[in-house]
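This report refers to the structure that appears directly beneath it.
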Amino acid sequence: MQHALELAKKSPPQPTNFRVGAILMRLEDGHISAEGYTLELSGNTHAEECCLLKLAEEHSTTEEDLSTAIQSPHVLYTTVEPCFKRLSGKLPCVERILRQKSWIKKVYVGVLEPETFVGKNPGRQLLEDAGVEVHYVPGFEEEILAVAAAGHTSS
Ligand SMILES: Nc1nc(=O)c(N)c(NC[C@H](O)[C@H](O)[C@H](O)COP(=O)(O)O)[nH]1
Ligand SMILES: [Zn+2]
């Protein structure tokens with residue numbers, strides 16, 4: 001989670017989203033298959049989205065078809081829990097993860113999504129219902145939120 005937080009710090013501060021870092025780690029050996037942070041790739045991307053897009057690129061496939069290219073189970077670390085709704089209307093990360101539930105078996109989150117933009121985030125339940133475990137990693141909340149909201153007007 002510390003590594004994901006370092007990634008989040010690379011994200012350009014914006015008032016309209018959170019700065020998030022994410023890592024896709026292979027379960028069997030801890031190999032980092034992909035990592036990303038908010039807005040790393042063009043197109044108003046989320047950190048989790050960047051991980052999937054970069055991995056798809058690496059396997060010469062699309063994000064949608066990634067589950068045909070990846071077999072070994074992975075865990076996703078993300079400093080802020082995956083979004084279930086986006087003000088931009090782009091596909092939320094919970095949906096993106098559900099498409100990959102054959103190989104993304106667990107999601108570790110550093111904080112639950114603050115209600116700043118879209119209110120309560122029921123994404124965790126959707127993931128658990130689909131068989132993707134969601135684990136909360138305590139101890140990083142304060143720093144994760146400070147980084148995530150760095151682009152917001154100081155409240
Ligand atoms: N888990 C997560 N990873 C991210 O990389 C990111 N930026 C958010 N942020 C959640 C927040 O709810 C959305 O950023 C707003 O709803 C605006 O939506 P867009 O980002 O413009 O699609 N959440
Ligand atoms: Zn998202």
Side-chain angles (χ1 to χ4, degrees), residues 1-25 32-58 62-67 70 74-101 103-155:
M1 192 57 75
Q2 185 63 46
H3 182 58
L5 184 53
E6 294 314 310
L7 290 166
K9 292 174 182 172
K10 295 180 178 179
S11 178
Q14 302 283 332
T16 56
N17 69 12
F18 293 120
R19 299 166 74 217
V20 179
I23 296 164
L24 273 171
M25 184 179 284
I32 293 182
S33 299
E35 59 182 46
Y37 54 86
T38 309
L39 301 181
E40 179 180 7
L41 301 180
S42 62
N44 185 25
T45 50
H46 279 192
E48 306 92 313
E49 186 180 352
C50 289
C51 290
L52 294 171
L53 289 171
K54 289 162 84 172
L55 204 51
E57 174 75 27
E58 202 181 296
T62 61
E63 185 194 337
E64 293 78 0
D65 297 339
L66 198 47
S67 56
I70 310 274
H74 282 66
V75 299
L76 170 70
Y77 284 88
T78 180
T79 53
V80 177
E81 68 173 322
C83 60
F84 81 104
K85 181 168 172 286
R86 298 174 56 165
L87 288 183
S88 66
K90 280 190 68 180
L91 188 71
C93 296
V94 165
E95 317 269 332
R96 295 172 190 276
I97 294 165
L98 290 175
R99 284 193 301 208
Q100 314 298 338
K101 66 183 182 185
W103 60 280
I104 296 182
K105 310 311 280 181
K106 297 182 187 176
V107 177
Y108 287 91
V109 306
V111 294
L112 305 186
E113 181 178 3
E115 303 192 14
T116 317
F117 299 108
V118 292
K120 288 215 175 309
N121 180 336
R124 297 181 296 290
Q125 198 51 55
L126 297 175
L127 291 169
E128 293 276 5
D129 292 350
V132 179
E133 292 177 27
V134 179
H135 299 275
Y136 185 84
V137 179
F140 296 87
E141 294 87 348
E142 208 170 310
E143 198 176 353
I144 285 177
L145 289 173
V147 169
H152 301 184
T153 48
S154 52
S155 42

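Counting convention: from 1, in listed order, for ligands and their atoms alike. Numbering starts at 1 and runs along the sequence shown.
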For atom 18 (O) of ligand 1, the protein heavy atom that lies nearest, with its residue and separation: Leu87 N, 3.2 Å
Can a donor-acceptor pair be found, under 3.5 Å and without considering hydrogens, that links the side chain of Glu113 to the backbone of Asn121? no
Show which atoms of ligand 1 fall inside a sub-4.0 Å distance from at least one heavy-atom site of Val20. 2 (C), 3 (N), 4 (C), 5 (O), 6 (C)
Residues Glu35, His3; criterion side chain to side chain donor-acceptor pair (under 3.5 Å); working and verdict: CA-CA 10 Å; Glu35 59 182 46; His3 182 58; 2.7 Å; yes
Near Glu81, which atoms of ligand 1 are under 4.0 Å from a heavy atom of that residue? 1 (N)
How far is atom 7 (N) of ligand 1 from its nearest protein heavy atom, and which residue and atom name does that atom have? Phe18 O, 3.0 Å
Under the criterion salt bridge (charged side-chain N to carboxylate O under 4.0 Å, His left out), I'd like the reasoning laid out for Glu143 against Lys9: C-alpha separation, chi angles, the key distance, then a yes or no. CA-CA 10 Å; Glu143 198 176 353; Lys9 292 174 182 172; 2.9 Å; yes
Nearest heavy-atom neighbours spanning Ser67 and Trp103: CA-NE1, 3.6 Å
So, applying salt bridge (Lys or Arg N to Asp or Glu O under 4.0 Å) with Glu49, which one of Arg99, Lys54, Arg86 is it? Arg86
Would a distance-only check, ignoring hydrogens and angles, find a side-chain to backbone donor-acceptor pair under 3.5 Å from Thr38 to Ser11? no
Can you say whether the rings of Tyr108 and Tyr77 are parallel (under 30°), tilted (30 to 60°) or perpendicular (over 60°)? parallel
Considering only heavy atoms of Ser88, which atoms of ligand 1 have at least one such atom less than 4.0 Å away? 18 (O), 19 (P), 21 (O), 22 (O)
For atom 14 (O) of ligand 1, what's the nearest protein heavy-atom neighbour? Residue, atom name and distance, please. Asn17 CB, 3.1 Å
Trace of the salt bridge (charged side-chain N to carboxylate O under 4.0 Å, His left out) decision for Arg124 with Glu81: CA-CA 8 Å; Arg124 297 181 296 290; Glu81 68 173 322; 2.5 Å; yes
Please identify which atoms of ligand 1 are closer than 4.0 Å to at least one heavy atom of Thr38. 4 (C), 5 (O), 7 (N)
Suppose we measure from atom 2 (C) of ligand 1 to each protein heavy atom; which comes out shortest, and what is that distance? Glu48 OE2, 3.5 Å
Residue pair Thr78 / Val107, side-chain heavy-atom distance below 4.5 Å: yes
Within 6.0 angstrom of Glu57 CD, more than 12 heavy atoms from elsewhere: no
In the protein, N/O/S atoms that are found under 2.8 Å from the Zn ion (ligand 2), waters not counted: His46 ND1, Cys83 SG, Cys93 SG
To which protein heavy atom is atom 17 (C) of ligand 1 closest, and what is the distance rounded to 0.1 Å? Thr16 O, 3.3 Å
Could an N or O of ligand 1 be found under 3.5 Å from any N or O of Asn44, whether backbone or side chain? yes
Using the rule side-chain hydrogen bond (donor to acceptor under 3.5 Å, both in side chains), only one of His46, Glu63, Glu48 pairs with Arg96; which is it? Glu63
Can you sort out which atoms of ligand 1 are near Arg86, meaning under 4.0 Å from one of its heavy atoms? 16 (O), 18 (O), 19 (P), 22 (O)
Could you please spell out the steps behind the side chain to side chain donor-acceptor pair (under 3.5 Å) verdict for Thr116 and His152? CA-CA 10 Å; Thr116 317; His152 301 184; 5.1 Å; no
Would you say NZ of Lys101 has more than 12 non-hydrogen atoms from neighbouring residues, nucleotides or ligands within 6.0 angstrom? no
Ranked by distance from atom 11 (C) of ligand 1, the top protein heavy atom is Glu113 OE2, 3.3 Å
Can Glu49 be said to touch ligand 1, with heavy atoms closer than 4.0 Å? no
Atom 20 (O) of ligand 1 - nearest protein heavy atom and its distance: His46 NE2, 2.6 Å
